Amino acid sequence: MIKKDKSKTTSFGFEKVTPEEKTEKVKNVFDSVATNYDLMNDLMSVGVHRLWKRYMMSQTDLRMGMKALDVAGGTGDIAALLRQQVGESGLVVMTDINASMLMEGRSRLLDSGKLKNIQLVQSDAENLPFEDDLFDCVTIAFGLRNITVKENALHSMFRVLKPGGKLLVLEFSKPNEFISPIYDIYSFNILPTLGEWVANDRESYQYLAESIRMHPGQNELKEMMIDTGFDRAEYNNLTGGVVALHIGYKD
């Protein structure tokens, strides 16, 4: 596992900061956006994020009675979908490092009657507090790019997977050459403006746009998963590569 070296820097959007500073700054961003997170996701993606997540769900291979972990689970939408797959005889655990997001997720799951069989744990993805070889499937949707040391998180998720288990990483990626110019205009002009109009928070959504640009591309993330120990690592581009679903197995 890679230690957070205080002498080194990492990226917080386009800004270079220490690992400790990034962790704190990301916390502040999600404290700010928690209550408007789902609404902004719908506006930013014109609702397409729901289709991306449904596609990820179609790849879990989960059955009734299995155990699933959703890392950086935010407002709980993925956890609720996982619960449908494992049923009342199974178990879903949802983690998030951010207390504001976790409480927002708890409230939404409770209001919708979907909290049963879902355990909520506040946890750093780099140090998941679970025993080895526990989960049949681990998911993380639009959370990996916000983690300070991504390699640590991949190692942690690998450790808690059962042999034969599966990791699914849904994340913004590098769009193809036809989409990329339009996507850049949208990301750096329209997205922060939406954040300002709807959530009164231009700065946080400027960071989100920058964090997408700084996140490893498809092949780089695939190599990171292979280096972690995942077998049969692969990815599927969605919406021209705007988003990619990475899949890896613990064989």
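Keep in mind that this is a model prediction, so the values were computed, not measured. For this chain, numbers begin at 1 and follow the sequence in order.
- Residues Glu234 and His246 fail the side-chain proximity criterion, which asks for heavy atoms closer than 4.5 Å.
- Looking at heavy atoms from C-beta onward, Leu168 lies out of side-chain contact with Val138 at the 4.5 angstrom threshold.
- Counting heavy atoms from C-beta on, the side chains of His215 and Lys150 come closer than 4.5 Å.
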Point to revise | Derivation and outcome, salt bridge (Lys or Arg N to Asp or Glu O under 4.0 Å), residues Asp132 and Arg159 | key: CA-CA 5 Å; Asp132 295 357; Arg159 179 184 61 78; 2.7 Å; yes
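- Rounding to the nearest 0.5 angstrom, the gap separating the CD1 atom in Ile212 from the CZ atom in Phe188 is 8.0 Å.
- For CZ of Arg232, the number of neighbouring non-hydrogen atoms (other residues, nucleotides, ligands) closer than 6.0 Å is greater than 12.
- Remark: Asn189 CG to Leu194 CG distance equals 11.5 Å, nearest 0.5 Å.
- For Lys25 and Phe12, the positive end sits near the middle of the six-membered ring, less than 6.0 Å away and at most 45° from its axis.
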Practice item. Begin from the C-alpha positions of Thr10 and Thr18 and carry the test side-chain contact (heavy atoms from CB on, under 4.5 Å) through to its verdict. Key: CA-CA 6 Å; Thr10 187; Thr18 67; over 6 Å; no
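- For Asn237 (side chain) and Gly240 (main-chain N/O), no donor-acceptor pair under 3.5 Å exists by modelled atom type.
- By the 6.0 Å and 45° rule, Lys250 stacks over the aromatic ring of Phe158.
- Residue Asn28 holds its CG atom at 9.5 Å from CD of Glu203, rounded to the nearest 0.5 Å.
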Point to revise | side-chain contact (heavy atoms from CB on, under 4.5 Å) evaluation trace for Val169 with Phe142 | key: CA-CA 8 Å; Val169 180; Phe142 305 114; over 6 Å; no
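- A salt bridge is absent between Asp133 and Lys162; no separation between the charged side-chain nitrogens and carboxylate oxygens falls under 4.0 Å.
- Side-chain polar atoms of Asp96 and Gln122 form no donor-acceptor pair below 3.5 angstrom.
- Note on Lys53 versus Asp77: salt bridge recorded, some NZ/NE/NH1/NH2 to OD/OE distance being below 4.0 Å.
- Atom CD of residue Glu20 and atom OG1 of residue Thr148 lie 8.5 Å apart, to the nearest 0.5 angstrom.
- At a threshold of 4.5 Å between non-hydrogen side-chain atoms, the residues Ser123 and Ile97 do not count as touching.
- Other residues, nucleotides and ligands contribute only 12 or fewer heavy atoms inside 6.0 Å of the CD1 atom of Ile182.
- Counting only N and O atoms by type, the side chains of Tyr207 and Asn146 include a donor and acceptor under 3.5 Å apart.
- The side chain to side chain contact (heavy atoms under 4.5 Å, CB included) test with Met224 is passed by exactly one of Ile226, Asp227, Leu221: Leu221.
- Atoms CG and CG, on Leu69 and Leu167 in that order, are 9.5 Å from each other to the nearest 0.5 Å.
- Here the options are Arg83, Gln85, Met66, Lys67, the test is side chain to side chain contact (heavy atoms under 4.5 Å, CB included), and the partner is Val92; only Arg83 passes.
- When only modelled atom types and interatomic distance are considered, Thr75 and Glu104 share no side-chain donor-acceptor pair under 3.5 Å.
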Review point. What do the steps show when you test Phe172 against Trp52 for side-chain contact (heavy atoms from CB on, under 4.5 Å), and what is the final call?
Key: CA-CA 11 Å; Phe172 289 105; Trp52 296 330; 4.1 Å; yes
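- At a threshold of 4.5 Å between side-chain heavy atoms, the hydrophobic network of Ile, Leu, Val, Met, Phe, Trp and Tyr places Leu91 and Leu120 in two separate groups.
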Point to revise | Working for side-chain contact (heavy atoms from CB on, under 4.5 Å), residues Met56 and Thr139 | key: CA-CA 9 Å; Met56 181 172 73; Thr139 60; 4.1 Å; yes
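- Salt-bridge formation is detected for the pair Asp184/Arg213: a Lys NZ or Arg NE/NH1/NH2 atom is positioned less than 4.0 Å from an Asp or Glu carboxylate oxygen.
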Review point. Would Ser156 and Glu126 satisfy side-chain hydrogen bond (donor to acceptor under 3.5 Å, both in side chains), going step by step from the backbone distance to the final call?
Key: CA-CA 6 Å; Ser156 191; Glu126 296 182 39; over 6 Å; no
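- A donor-acceptor contact under 3.5 angstrom links the side chains of Ser211 and Arg145, judged on distance only.
- Looking only at side-chain heavy atoms (C-beta outward), Asn219 and Tyr235 come within less than 4.5 Å of each other.
- Other residues, nucleotides and ligands place more than 12 heavy atoms under 6.0 Å from the CG atom of Asp251.
- Interatomic distance, Met94 CE to Leu109 CG, rounded to the nearest 0.5 Å: 6.0 Å.
- The aromatic rings of Phe135 and Phe130 stand perpendicular to each other, their planes meeting at an angle above 60°, with 30° marking the opposite boundary.
- Using a 4.5 Å heavy-atom threshold, the side chains of Asn236 and Tyr55 count as touching.
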